[in-house]
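A quick write-up on the structure given underneath.
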4 protein chains.
Amino acid sequence: MPKFLSTHRRLAAVDTLLPPAAIQDGSRGVILGESLRLFAERGYGSASMRDIAQLVGIKAASVYSHFPSKAHVLAELIRVGHEEHLRRMRAALMAAEPDPTTQLKAVVRAHVLAHADYPMLAVVANAELHALPGEFAAPILEIRRQSEMLLVDVIQRGVDMGTFNVPDVQLAMPAIGAMGLRVAHWYAPDLGKDPEHIADTFAQFACRMVGVMT
Amino acid sequence: MPKFLSTHRRLAAVDTLLPPAAIQDGSRGVILGESLRLFAERGYGSASMRDIAQLVGIKAASVYSHFPSKAHVLAELIRVGHEEHLRRMRAALMAAEPDPTTQLKAVVRAHVLAHADYPMLAVVANAELHALPGEFAAPILEIRRQSEMLLVDVIQRGVDMGTFNVPDVQLAMPAIGAMGLRVAHWYAPDLGKDPEHIADTFAQFACRMVGVMT
Amino acid sequence: MPKFLSTHRRLAAVDTLLPPAAIQDGSRGVILGESLRLFAERGYGSASMRDIAQLVGIKAASVYSHFPSKAHVLAELIRVGHEEHLRRMRAALMAAEPDPTTQLKAVVRAHVLAHADYPMLAVVANAELHALPGEFAAPILEIRRQSEMLLVDVIQRGVDMGTFNVPDVQLAMPAIGAMGLRVAHWYAPDLGKDPEHIADTFAQFACRMVGVMT
Amino acid sequence: MPKFLSTHRRLAAVDTLLPPAAIQDGSRGVILGESLRLFAERGYGSASMRDIAQLVGIKAASVYSHFPSKAHVLAELIRVGHEEHLRRMRAALMAAEPDPTTQLKAVVRAHVLAHADYPMLAVVANAELHALPGEFAAPILEIRRQSEMLLVDVIQRGVDMGTFNVPDVQLAMPAIGAMGLRVAHWYAPDLGKDPEHIADTFAQFACRMVGVMT
DNA sequence: CATGAATGAGGCTTCATTCAT
DNA sequence: GATGAATGAAGCCTCATTCAT
């Protein structure tokens, strides 16, 4: 019987994994990876530059040869996380047949898979956004808005076309979105649940929520 | 058009609200209230004793007349949050007609309402649990396990009785639970959405997820 | 085989014992006793008013009903210690036959017994004198000078009378005095050495040091 | 007329002096030296990191570039003190003719000279040992035991060979040891007593104590 | 007498960051 | 690139003490 929430840990995953496009050479890449792990497990504010440097195998001062500040490391991770998420959502939508149900399934699958494939990145992007200094936030919030709008539009179109039947359209997005968000906290490879299976199941849940029984 | 996720803030609520049973007299009560606000907005690690004391109107050292440590403040808040949540879940279940659908609705409604009524408490209880020093965690995790089990049992019973039809029973709990968890982050009184309405809608979503169309 | 020095503890004794004349009724007496224990074991600076109060069974604020400050507690203990020491030295001298050897034996015996009978008091009086705020020091240093003079005079008289033969008269006092001082650190009832025996032995050592073989 | 005990100060010496082998370059060395002075004069608990840093000419935080904690500074000083003491005792014994009297003289001279040459180090090593956190104590107590055994063995051998005549062999060590220990408190260059002279005199006292008149 | 609450000062330590090497 | 040393700010917490109750 799998454990989903009842842990003292913030997330179940243990592997630092960054999207291929975000993997970088040399110390810079290692700094990103180890910062990701620490920010995800302890939170940005509780991970020190010395902690990061130690995991990388260098001294704290040396981190500044690669990033101008700790906030820049967080900003890059959050940006990467949001970009990967939006990229997958967009790609999924573009590849889907144009009927609302197929589109919703595609988008929810992408949403869930992004959180299962990169749980640490997702946790940091979501749970540490508030720690990001204001000047870094604007471009990220813009990406976030686009991802939301994408899901909102799919739902709205389904409703408008009469395919979907939703009691409160505005509440469907946060409900469907939330399901995927939490996946990042409890997903782990040893859970015995394939990401594809989770994605399919959650896509089915989403369809049912909008009135499409399958 | 309401905003659900796209903010730099960690939660939309601005009022510190504690369950009536948890409200305390004097400075101790004020400390709890202001700590709750700070922990929810900034995170436990980024709220200092000085910050808390200043909001209370005393000096940092005086906080120690009421709590032995900062961790004790967090522990009490998280405990109160979990207890209130479990109490409501239990009460809802006990008051519900014994058919699985009614029970599921009752439990999901209680889950959502707990998060809408005490958003700060819910955010702290969920998002700051990992910051709680290990020695405080055990009793809280036990409460958490009971809340989960409660939802799991309702779902399982519905499936066993043939009332529910769920593609993967184990995935239903985290999916339904997640919907409610996120409510604490985006709910605000000025959202134009009544908590009762949200609770009803999410209860309906949950019913649909387990195959009960309404 | 007894242990004399090789401990992490500052003194071997565990019983707080004050001279009968210094024992006081009520909380004031208990405060003196428990402060003595703490000052002896940890040092004045590392024993807090809260520590003292807790051992007494009251709150820190209540200690101020009995002593105007922590320094006053220390001052009283050090005064009592010095007075008892001087009193015993004087009494021993006055009761002794007037020949230098008997006098030296009597004085050294008194010196040693004072340290074995009240080890905690002796440790505090000696090792915490430096912690006493300046305004308290003068009367105590005066007592101390009298005790020293007493021993110095006995030695000098023995030398003048030709009874003693000392290589350096000025060095005899610190050497003989030191033997007794350290007794407070290593003496314990379970050591298997009777205070009287220690006193006699050290008196013999002192006699030998001044050239009187016995 | 020299003053031996009657002071408010804890020791008469004013020069911080470390054994040549323990002198270190740069700030680390200055920290050790100034800490030694403060610990000796005020005690470990009453010397703050700010006090130390100020004497060194840096800020308190900078001390942590050289020592991981205040306790580490104390531990190093106490270790150095004990090692230097044992080294001198051993060297003296190894260089002495093998008759017990010569050996006793050599060992007592080394004991006294160590305390006169490094009075601050000796005071800290002896009077602040109890302030050393437990995890640092073991190796130091081991050194201490070896020094004691060294003196004990010399005395016992003299007794066994019939050279010494001691009323209570077990009490001879603490008595002789104490004489030297206190030297660290009252010795000062301006005392008008040469360390060599003190050492010789105390060696003679020790010989007399074990029954060897000279 | 005793206490709970408060306080200003200060304790040790960690932090992100800088800069000369 | 990397580092050792330094720093100002701030972290949590303890302290002796005061005072109204």
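So you know, we letter chains A, B, ... as the sequences are listed, proteins then strands, and number each from 1.
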Report the distance from atom [atom1] of [X] to atom [atom2] of [N], rounded to the nearest whole Å.
| X | N | atom1 | atom2 | answer |
| --- | --- | --- | --- | --- |
| B:Ile58 | F:dC13 | CD1 | P | 14 Å |
| A:Lys59 | E:dT17 | NZ | C1' | 17 Å |
| D:Tyr64 | F:dA9 | OH | C1' | 15 Å |
| C:Phe67 | E:dA2 | CZ | P | 12 Å |
| A:Arg50 | E:dT18 | CZ | P | 14 Å |
| C:Lys70 | F:dC15 | NZ | P | 9 Å |
| B:Gln54 | E:dG8 | CD | P | 14 Å |
| B:Asp51 | F:dC12 | CG | P | 8 Å |

Answer yes when B:Glu128 and B:Arg42 have at least one side-chain N-carboxylate O distance shorter than 4.0 Å, and no when they do not. no

Considering every strand shown, what is the Watson-Crick or G-U wobble mate of E:dG10 when both distances are under 3.5 Å? F:dC13

Using Watson-Crick or G-U wobble geometry with both distances under 3.5 Å, which nucleotide pairs with E:dC15? F:dG8

Does C:Met49 or B:Tyr44 map to a spot on DNA chain F nearer the 5' end, using the closest nucleotide for each? B:Tyr44

B:Ser69 vs C:Gly45, nearer the 5' end of DNA chain F by closest nucleotide: B:Ser69

Would you indicate what B:Ala47 reaches in the nucleic acid, counting non-hydrogen atoms under 4.0 angstrom: base, sugar-phosphate, or nothing? sugar-phosphate

Quick check: on DNA chain E, is the nucleotide nearest A:Ala60 upstream (toward 5') of the one nearest D:Ala61, or the reverse? Name the residue that is more 5'. D:Ala61

Reading DNA chain E from 5' onward, which residue's closest nucleotide shows up sooner: B:Ser65 or C:Ser27? C:Ser27

Any side-chain N or O of [X] under 4.0 Å from OP1/OP2 of [N]?
| X | N | answer |
| --- | --- | --- |
| A:His66 | F:dA2 | yes |
| D:Ser62 | F:dA5 | no |
| D:Ser48 | E:dG11 | yes |

Rounded to the nearest 0.5 Å, what's the gap from CZ on D:Phe136 to CZ on D:Arg79? Could you check? 11.5 Å

From C:Leu132 CG over to C:Leu141 CG, what is the distance, rounded to the nearest 0.5 angstrom? 8.5 Å

Please tell me if the side chains of C:Arg9 and D:His130 come closer than 4.5 Å, counting only heavy atoms from C-beta onward. no

A:Val124 vs A:Ile78, test: side chain to side chain contact (heavy atoms under 4.5 Å, CB included). Steps then yes/no. CA-CA 7 Å; A:Val124 169; A:Ile78 295 187; 4.1 Å; yes

